[in-house]
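Counting starts at 1 for both ligands and their atoms, in listed order. By convention here, the first residue in the shown sequence is residue 1.
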Amino acid sequence: MEFNNIVPDQAQLVKEINELKQKLNAVILVHNYQLDEIQQIGDFLGDSLGLSKQAANTENKIIVFCGVKFMAETAKILSPDKTVLLPVKTAGCPMADMVDIEDLRQLKRENPDAVVVTYVNSSTETKALSDYCCTSANARKIIESIPDDKEIIFLPDQHLGAYVTSNRQGRSILWKGFCPVHQRMKLEEIKQLKRDNPQAKFIIHPEAPASITKLADAIESTGGMVKYIKNLPENSSVIVGTELGMINRLRRERSDINFIPASSDLICYNMKSTRLVDVRDALKHKQYQIEVDPDIAAKARKAIKRMISIG
Ligand code: 13P
Ligand code: SF4
């Protein structure tokens, strides 16, 4: 009798992954929200900006992207000659799916002078209709590079958009997208956590609503959070307002700090769907290969490269 579906133990999987990686000249890029077992096998672990820079500069022939589809697509756009693999075909980002391309075309027709700034959490088609891309790490810098009186269309995240355009003179049109994970945070729960932990710093991702970010000591991308906690005094406490995978990442940097999740609900199931066996199978079967239409990708590449050159 054959047991094809038996999953080998973790040590065996890690060994196979390392062997395959070497044989194929592959690099494994891992986002900060991935499961701890995946964070541990990454050649690079980081935020969207850091990982897209790694993808653009890597010498390796194969990129295994442990994250969600828009991240793997960004890697493919930046490295069209490389093979980019997304270990779980269905790992998407609901926020990226909140843009209807025809609606965006219509909005651009109605506002022909507006500069379109698109959060990297978006499809290749959306990026191709944009002037600039941005991530949560550089959104403010990108916006500041645009003349202050110029009209802006920002999409898809209304919260990041509101945060980075709040001081502008020109009109900002914000798409109504949002991240379902960060949207789940409850104001009352956060206030209670702050009362219970009066010494704790509160760090939060800019995808959270303004009613909550205004209570924070720092509003940071996941990469920004790593930098922020590095300078805190020993044995500090930090309330972390983002996806729970981030806590493993932060603990790896500072095991002395007491990290307190802003809510036990903050799980992105798309990010958490990749397991070691999927990474092993991705390398073994070269799956699932990311393909982007070359003409659409060329337009998207301009917006992404403009972002990289600014920040
Ligand atoms: P970062 O760019 O901060 O890593 O965020 C990516 C993301 O998907 C946040 O929800
Ligand atoms: Fe998308 Fe939110 Fe998941 Fe990030 S955490 S990938 S924005 S659904």
Handout entry: Residue pair His205 / Glu243, side-chain donor-acceptor N/O under 3.5 Å
Key = no
Practice task
Using a cut-off of 2.8 Å, find all protein N, O or S atoms closer to atom 3 (Fe) of ligand 2 than that distance.
Solution key: Cys268 SG
Handout entry: His31 touching ligand 1 at heavy-atom level, < 4.0 angstrom
Key = yes
Practice task
Mark up the atoms of ligand 1 that fall under 4.0 Å of a heavy atom belonging to His182, in ascending order.
Solution key: 10 (O)
Exercise for the section: Mark the output for Glu243 as yes if a heavy-atom distance to ligand 1 is under 4.0 Å, and as no if none is. Expected result: no
Problem - Residues forming a salt bridge (Lys or Arg N to Asp or Glu O under 4.0 Å) with Asp103, sequence neighbours excluded - result: none
Completion exercise
min-distance protein heavy atom vs atom 2 (O) of ligand 1 -> Ser48 OG, 2.8 Å
Exercise for the section: Check each atom of ligand 2 against the heavy atoms of Glu207 and keep those under 4.0 Å away; list them by number with element. Expected result: 2 (Fe), 7 (S)
Exercise for the section: Give a yes/no on ligand 1: does Cys179 have at least one heavy atom closer than 4.0 angstrom to it? Expected result: no
Exercise for the section: Verify the distance criterion only: is there a donor paired with an acceptor across the side chains of Gln40 and Asp36 at less than 3.5 Å? Expected result: yes
Practice task
List every atom of ligand 1 that sits less than 4.0 Å from any heavy atom of Ser136, numbering the atoms from 1 in the order shown and giving each element.
Solution key: 1 (P), 2 (O), 3 (O)
Exercise for the section: Determine whether any heavy atom of Thr135 lies closer than 4.0 Å to an atom of ligand 1. Expected result: no
